[in-house]
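Below you'll find the structure, written out as structure tokens, and then a few comments.
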There are 2 protein chains.
Amino acid sequence: MDATAGTQLMPVLAQLIRVVRQTDAPDGLSLVALAVLRRLEAGGSGRISELARVERASQPGMTQLVGRLERADLVRRVPDPHDGRGVLVELTDGGRAQLARTQAGYAATLDTLLSRLDEDDRAAIAAALPALGRLVRADTPVRSA
Amino acid sequence: MDATAGTQLMPVLAQLIRVVRQTDAPDGLSLVALAVLRRLEAGGSGRISELARVERASQPGMTQLVGRLERADLVRRVPDPHDGRGVLVELTDGGRAQLARTQAGYAATLDTLLSRLDEDDRAAIAAALPALGRLVRADTPVRSA
DNA sequence: TATTGTTATACTCTATAACTATA
DNA sequence: TATAGTTATAGAGTATAACAATA
């Protein structure tokens with residue numbers, strides 16, 4: 001029955017993501033960009049290589065993403081005091097504000113969708129949220145199949 | 001408390017999508033491509049303009065996507081017998097097979113993640129699946145905020 | 001004249017390969 | 001020699017604008 005759960009879950013996830021992203025603010029933040037900003041907000045700062053690894057992006061890809069975010073004044077680069085090769089990426093105030101706006105927009109869309117469900121459905125989803133959070137965090141490298 | 005639900009849900013969705021997509025088969029199907037194939041499997045065939053509307057893509061974008069899928073022998077174009085301007089897009093056998101493979105891969109990844117949760121969490125997610133399905137289908141144009 | 005679809009073009013995002021600088 | 005990051009380059013994906021064909 002677990003196979004059924006995974007099979008059912010994927011299309012729902014994909015559809016929800018597309019609905020939310022295309023419905024709401026065209027603020028130009030990709031999912032990865034959003035994740036990086038969220039991680040910087042939670043963790044204070046991060047190395048390029050660490051961000052690349054955690055977000056499953058290539059190192060050049062992360063360099064480029066950080067470059068775009070920096071050009072938009074959402075993050076800044078500071079030299080790593082402990083390693084002359086390294087760079088620490090920090091959230092700017094503008095980045096923090098943008099992150100809040102974007103998350104609020106997405107949340108509003110989801111809440112609109114949720115408001116169209118009946119009380120039982122909303123309760124079921126609310127009850128599953130902690131488990132879904134843990135599902136995401138159960139994210140050590142998956143090599144299925 | 002609904003605001004909290006939406007706020008909690010979005011990061012989970014984004015992270016899950018990225019984990020699943022980057023963990024598994026690099027088969028080159030975008031989320032939209034996957035959704036189109038799934039829709040064609042369910043619905044038999046579809047017009048370009050209809051697919052574009054339903055998947056919230058531009059019409060040229062859908063033309064291009066169908067072009068890529070056609071080049072990969074996953075779909076074929078046939079003239080609409082009732083409208084000389086129209087094109088019907090149909091799934092090929094190869095497309096059906098590819099869709100099955102891709103969905104199985106995603107499902108396997110999700111099932112691997114699910115298997116790491118305890119029984120209560122799995123039950124909570126399973127219980128929320130029907131509601132999540134309806135959440136997606138509650139997808140008439142959302143203009144939140 | 002409106003609708004369906006395509007072509008032309010441009011931009012974002014991300015990857016691999018090659019390179020520089022520091023450890 | 002290995003690691004951190006960047007630059008160069010290429011390809012996928014998608015958008016808007018302009019166009020062709022049919023209704």
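All values below come from the heavy atoms of this structure, side chains included, with hydrogens, waters and symmetry mates left out. Chain A is the first sequence line, chain B the second, and so forth, proteins listed ahead of strands; every chain is numbered from 1.
Following rounding to the nearest Å, B:Leu74 (CG) and D:dA12 (P) show an atom-to-atom distance of 14 Å. Taking atom CD on B:Glu50 and atom P on C:dG5, their separation rounds to 9 Å, with Å as the unit. Atoms CZ (A:Arg56) and C1' (C:dA15) sit 17 Å apart, rounded to a whole Å. Atoms CE (A:Met62) and C1' (C:dC13) sit 12 Å apart, rounded to a whole Å. As a whole-Å value, the separation of A:Leu51 CG from D:dT6 P is 11 Å. Between the C1' atom of C:dT14 and the CZ atom of A:Arg53 lies a distance of 19 Å, rounded to the nearest Å. Taking atom CD1 of A:Ile48 as the reference point, atom P of D:dT7 lies 11 Å away to the nearest angstrom.
Residue B:Asp80 is out of contact with every strand shown, counting any heavy-atom pair closer than 4.0 Å. Heavy atoms of B:Arg47 sit under 4.0 angstrom from primed sugar atoms or phosphate atoms, though from no base atom. Here B:Ser49 lies in heavy-atom contact (under 4.0 Å) with sugar-phosphate atoms only. If you check every strand for non-hydrogen atoms under 4.0 Å, B:Thr63 touches a base. When heavy atoms are screened at a 4.0 angstrom cut-off, B:Arg77 is found touching the sugar-phosphate backbone but no base atom.
Classification of A:Arg122 and A:Glu119 as a salt-bridged pair holds, one side-chain N sitting under 4.0 Å from a carboxylate O. Using a 4.0 Å cut-off between charged side-chain N and carboxylate O, B:Arg77 and B:Glu70 make a salt bridge.
Put simply, A:Arg85 has no side-chain N or O that comes within less than 4.0 Å of OP1 or OP2 on D:dA2. Between A:Arg68 and C:dT12 there is no side-chain N or O to OP1 or OP2 distance below 4.0 Å. Here A:Ser58 reaches the OP1 or OP2 of C:dA15: one of its side-chain N or O atoms lies under 4.0 Å away.
Heavy-atom nearest nucleotides on DNA chain C were determined for A:Leu31 and for A:Pro60, and the one closer to the 5' end corresponds to A:Leu31. For the pair B:Gln59 and A:Leu65, both in contact range of DNA chain C, the more 5′-proximal nearest nucleotide belongs to B:Gln59. Nearest-nucleotide mapping onto DNA chain D: of A:Gln64 and A:Val87, the residue sitting toward the 5' end is A:Val87.
In summary, the side chains of B:Thr63 and B:Gln59 do not present any donor paired with an acceptor at a separation below 3.5 Å, with no hydrogens or angles considered.
For A:Asp118, the CG atom sits in a packed shell: over 12 heavy atoms of surrounding residues, nucleotides or ligands are nearer than 6.0 Å.
Considering only the side chain of A:Asp83, C:dA23 comes nearest among D:dT9, C:dT9, C:dA23.
In this structure, B:Asp80 contributes its side chain and B:Val87 its backbone to no donor-acceptor pair below 3.5 Å.
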